[in-house]
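Sequence positions, counted from 1, serve as the residue numbers for this chain.
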Amino acid sequence: PPPTTASAAERIKHTALTGSRVCAFGVADMRITTGRFERWFLDHTMLGARLDAAALVPVSKIAAGETVRAADCTRRGALTLSLTQQVIGPLRFRADGRIGLRPIAP
């Protein structure tokens, strides 16, 4: 634990080095769109899929100069699916669903 007389900056640094994780983050996104709003009804449709992926690494290992192995990382992700549909004129309906992916074992 940090000394009780430590400055706020020292306490923050100690907390960051002992309990935090660094995150490497990636996103893949794809959308398919049809229609151009030329008609009043159901002329625009969009389907979308997005995959978010993250790998979390303990900062304490990096700060200590230790080698970070795959077993040290926690991998997480989420998949988002969406549908957008023109209802009438400029009004659109949109539905989104998000699924959290379980951590992946190395």
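- Residues M30 and L83 do not share a hydrophobic cluster, defined by chaining ILVMFWY side chains whose heavy atoms lie under 4.5 Å apart.
- The CG atom of D52 sits 8.5 Å away from the CG atom of D29 when rounded to the nearest 0.5 Å.
- In this structure, CG in D43 is found 8.0 Å from OG1 in T34, a value given to the nearest 0.5 Å.
- Using a 4.5 Å heavy-atom cutoff, the side chains of L47 and L81 are not in contact.
- Cluster annotation: F93 is connected to W40 through the hydrophobic network of ILVMFWY side chains, with a link wherever side-chain heavy atoms come within less than 4.5 Å.
- Rounded to the nearest 0.5 Å, atoms CZ (R50) and OG (S82) are 10.5 Å apart.
- With rounding to the nearest 0.5 Å, the separation of CZ in R98 from OG1 in T80 is 4.0 Å.
- Inter-residue side-chain proximity for L101 and L51 is flagged as met; some heavy-atom pair is nearer than 4.5 Å.
- Annotation: the span from H44 atom NE2 to Q85 atom CD amounts to 8.0 Å, rounded to 0.5 Å.
- Here the CD-OG1 distance, from Q86 to T45, works out to 8.5 Å after rounding to the nearest 0.5 Å.
- Scanning all heavy atoms of the two residues, the minimum distance from F41 to V87 falls at CD2-O, 3.7 Å.
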